[in-house]
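Before any comments, here is the structure.
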Amino acid sequence: MPKRTICIQSPAKLSACDKALLIIQDERQVRVPFEDIWVVILETHQAQITTAALSQLADGGIGVMLCGDDHMPNGLFLPLGAHSRHADIVENQLAISKPMQKRLWQRIVKAKITNQASVLELCGKSPCSVGRYVAEVKSGDTDNREGAAAAAYFKELIDDGNRRIGPYSGPLNYGYNILRAGVARAAVAGGWLVSRGLNHHNELNAFNLVDDLIEPFRPLVDLIVVKQHLAGDLTHEKKIVLASVFERLVKLDGRLVTSQTAIELMLVSLKAAVYDADYSELLLPSIVPLQMFSDE
């Protein structure tokens, strides 16, 4: 069963109580065991959280995402050294050769473009203009087929506006940021140095590795926004739907798993790929028709 994404959108008090996060809103109290939590999203500025709760969230490797005045995610609190072999993993991460980095990035870009083509097909649109770029991606994507495919993809996917401007931009940005928090949470818990990317290398970005690994998952957010008709103003209901992204199924290594599990398995496989110096060991998700996890 996937862990839970806790989204606080109205005034609340959060504290730690017997290995659980205690949430008090109005006259209601809810206790959620820390071991069951994946990410906490604090959207309201009227939430109060104790340092003890923050400390235990960090101990559990749980990400806490903050939102700005515009209700869009603008900050992320993550634990330090959450993995017992953090130093060993980082040492191996820093030793990844340039050719290996370029091959890993090539696999990531191919997976992203393949997933974008799948989203178009699932939305009843032609995938041809995007899918053709997969075979053109070189090691390191030196010809930036990722950018060319993205331009063709959003032109086909979005009828009204574009990726940056229009009724889709708000929901897409909100969904991507939630996804980013989950990838960051899993990367830190796995012992990775998230500022060290495979392709992204902006010295002002503390999450370069996260911004590499999120790419094949972005089309899942696109599919949710389009198929669930979430374009337009971000309402409470739409945000709840977007926050469910970690409970959506994708295919990884021939199995249907939640995107949350896929993120964790991707990071485990990345570690194997790095230790064995074999980029083909990196497992990446494939998009399937929208399905929610069910334990029945």
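Of all non-hydrogen atoms in Cys67 and Ile41, the two that sit nearest each other are SG-CG2, 4.2 Å. Contact between Ala262 and Phe217 at its shortest, heavy atoms only, is CB-CE2, 3.9 Å. The shortest heavy-atom contact between Leu76 and Ala184 is CD2-CB, 3.5 Å. Nearest heavy-atom pair, Ala181 versus Met65, reported as atom, atom and distance to 0.1 Å: CB-SD, 3.6 Å. Annotation for Arg164 and Ser169: closest pair O-CB, 3.3 Å, computed over non-hydrogen atoms. When all heavy atoms of Ser139 and Lys102 are compared, the closest pair comes out as OG-CB, 3.3 Å.
Here the OG1-CD1 distance, from Thr5 to Ile240, works out to 10.0 Å after rounding to the nearest 0.5 Å. Of the inter-residue distances, the one linking Ile49 atom CD1 with Leu14 atom CG reads 5.0 Å to the nearest 0.5 angstrom. Between the CE atom of Met266 and the CD1 atom of Ile214 there is a distance of 9.0 Å, given to the nearest 0.5 Å. Here CG of Asn173 is found 10.5 Å from CG of Leu242. Values are rounded to the nearest 0.5 Å. Distance CG/Leu104 to CD/Glu281: 10.5 Å, rounded to 0.5 Å. Put simply, CZ on Phe207 and CG on Asp212 are 13.5 Å apart, with the number rounded to the nearest 0.5 Å.
A distance-only check finds a donor-acceptor pair linking the side chain of Asn208 to the backbone of Asn202 [under 3.5 Å]. A donor-acceptor distance shorter than 3.5 angstrom exists from the side chain of Asn115 to the backbone of Pro285, with no hydrogens or angles considered. A donor-acceptor pair under 3.5 Å links the side-chain atoms of Thr50 to the main chain of Ala53, judged by distance alone. Under the 3.5 Å distance criterion, the side-chain polar atoms of Lys227 are matched with a main-chain donor or acceptor of Leu122. A donor-acceptor pair under 3.5 Å is formed between the side chain of Gln93 and the backbone N or O of Leu193. Not one N or O on the side chain of His200 forms a donor-acceptor pair closer than 3.5 Å with the backbone of Ser195. A donor-acceptor contact shorter than 3.5 Å is absent between the side chain of Asn205 and the backbone of His201. Remark: the backbone N or O of Val134 is not paired with any side-chain donor or acceptor of Arg145 at under 3.5 angstrom. Arg248 places no side-chain N or O within 3.5 Å of a backbone atom of Leu220 that could act as its donor or acceptor partner.
For CZ of Arg255, the number of neighbouring non-hydrogen atoms (other residues, nucleotides, ligands) closer than 6.0 Å is 12 at most.
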* To do: Decide yes or no on side-chain contact (heavy atoms from CB on, under 4.5 Å) for Leu157 and Cys123, but give the supporting numbers first.
  => CA-CA 8 Å; Leu157 181 68; Cys123 293; 4.1 Å; yes
* Please report the C-alpha distance between Gln29 and Ile24 in whole Å, then the side-chain angles of each, then the deciding distance to 0.1 Å, and finally whether the side-chain contact (heavy atoms from CB on, under 4.5 Å) criterion is met. => CA-CA 5 Å; Gln29 293 190 12; Ile24 300 177; 3.9 Å; yes
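Exactly one residue among Leu270, Leu282, Val137 makes a side-chain contact (heavy atoms from CB on, under 4.5 Å) with Ile108. That residue is Leu282.
Contact check for Leu284 versus Lys110: no side-chain heavy atoms found under the 4.5 Å cut-off.
Classification of Lys238 and Asp233 as a salt-bridged pair fails, no side-chain N sitting under 4.0 Å from a carboxylate O. A salt bridge does not link Glu156 to Lys125: none of the charged nitrogens lies less than 4.0 Å from a carboxylate oxygen. Under a 4.0 Å N-O distance rule, the pair Arg163/Asp222 does not qualify as a salt bridge.
Applying the ring-ring contact (aromatic ring centres under 6.0 Å, His included) criterion to Phe246, with sequence neighbours excluded, gives Trp38.
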